[in-house]
Amino acid sequence: MRRVNIYSALLLMAFCGAMLLWAIPANTAAGDGYGVSPATLPNVLVVFILALSVLLLVQNVRLPAGRLSACPLAREGWHNLGRFTLILLVSLALLHLLGLRVGGILIILMNLLYMRGKSKIAIACTSVGVPMSIYVILWYALQVPLP
């Protein structure tokens with residue numbers, strides 16, 4: 001498990017480097033001179049992932065050779081990971097087809113329904129409230145232009 005964690009950290013660090021140096025600058029528009037640049041949020045998130053990857057690498061390099069850091073996923077864990085990945089892929093397609101607001105609502109709704117949320121009111125409020133709150137905060141408070 002230690003070797004897998006080291007390889008995972010290195011792969012994540014390479015991915016973050018590619019995102020910071022190539023993907024984010026190539027796919028975000030230049031700022032209008034006021035407000036927050038559209039590249040700020042992606043950069044902050046990728047730097048956060050990069051920092052966690054460095055911590056994972058340092059932790060596993062310093063780990064004694066005979067000690068395992070975690071147990072591998074059982075069969076049911078892999079099934080759940082596959083289902084969440086499928087939900088994510090469908091959600092990304094919905095985001096592209098239906099837009100940010102409607103797609104965001106459907107992403108959260110599908111995940112809450114998959115996790116068997118009990119209260120229909122809580123599912124509805126969370127599914128609508130969270131994406132709309134994020135949209136309002138980014139659009140109006142931070143002035144990040146969203147599609």
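Taking CG of Asn5 as the reference point, atom OG of Ser53 lies at 11.0 Å (rounded to 0.5 Å). To the nearest 0.5 Å, atom CD1 of residue Ile107 and atom CE of residue Met110 are 6.5 Å apart. Separating the CG atom in Asn111 from the CZ atom in Arg83 is a distance of 13.0 Å, to the nearest 0.5 Å. Ile87 contributes atom CD1, which lies 11.5 Å from atom CG of Leu94 (distance to the nearest 0.5 angstrom). The distance from atom CD1 of Ile24 to atom CG of Leu41, rounded to the nearest 0.5 Å, is 9.0 Å. The structure places CG of Leu138 at 10.5 Å from OG1 of Thr40, a figure rounded to the nearest 0.5 Å.
Clustering ILVMFWY residues whenever any of their side-chain heavy atoms sit less than 4.5 angstrom apart, transitively, puts Val47 in the very cluster that holds Met19. The hydrophobic clustering, which links ILVMFWY residues whose side-chain heavy atoms are closer than 4.5 Å, places Phe15 and Met13 together. Under a hydrophobic clustering in which Ile, Leu, Val, Met, Phe, Trp and Tyr are joined whenever their side-chain heavy atoms come within less than 4.5 Å, directly or via other members, Val54 and Leu10 fall into the same cluster. Residue Leu57 is not grouped with residue Leu12 when hydrophobic side chains (ILVMFWY) are merged at heavy-atom distances under 4.5 angstrom, including chains of intermediate members. Hydrophobic clustering (ILVMFWY, side-chain heavy atoms < 4.5 Å, transitive): Ile6 and Ile49 are in distinct clusters.
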*Decide side-chain contact (heavy atoms from CB on, under 4.5 Å) for Leu20 and Leu50; before the verdict, give the C-alpha distance in whole Å, the side-chain angles of both, and the deciding distance to 0.1 Å.*
CA-CA 10 Å; Leu20 288 171; Leu50 181 63; 4.3 Å; yes
*Kindly indicate, with the supporting measurements, whether the criterion ring-ring contact (aromatic ring centres under 6.0 Å, His included) is fulfilled by Tyr135 and Tyr140.*
CA-CA 8 Å; Tyr135 191 85; Tyr140 294 107; 7.6 Å; no
_Test side-chain contact (heavy atoms from CB on, under 4.5 Å) on Met115 and Leu112; report intermediate values, then the result._
CA-CA 5 Å; Met115 292 185 287; Leu112 288 175; 4.1 Å; yes
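No more than 12 heavy atoms of other residues, nucleotides or ligands shown are found within 6.0 angstrom of CD1 on Ile121.
Using modelled atom types, one finds no donor on one side chain facing an acceptor on the other under 3.5 Å when comparing Tyr7 with Asn60.
At least one side-chain heavy atom of Asn80 sits less than 4.5 Å from a side-chain heavy atom of Tyr114.
Shown here for Ile108 and Ser127, the closest heavy-atom pair between the two residues is CG2-CA, 3.8 Å.
Thr126 places no side-chain N or O within 3.5 Å of a backbone atom of Ile123 that could act as its donor or acceptor partner.
Checked options Leu52, Val46, Val44; the residue passing with Phe48 is Leu52 (criterion: side chain to side chain contact (heavy atoms under 4.5 Å, CB included)).
Hydrophobic side-chain contacts under 4.5 Å tie Ile105 into a cluster, directly or through other members, with Val128, Met132.
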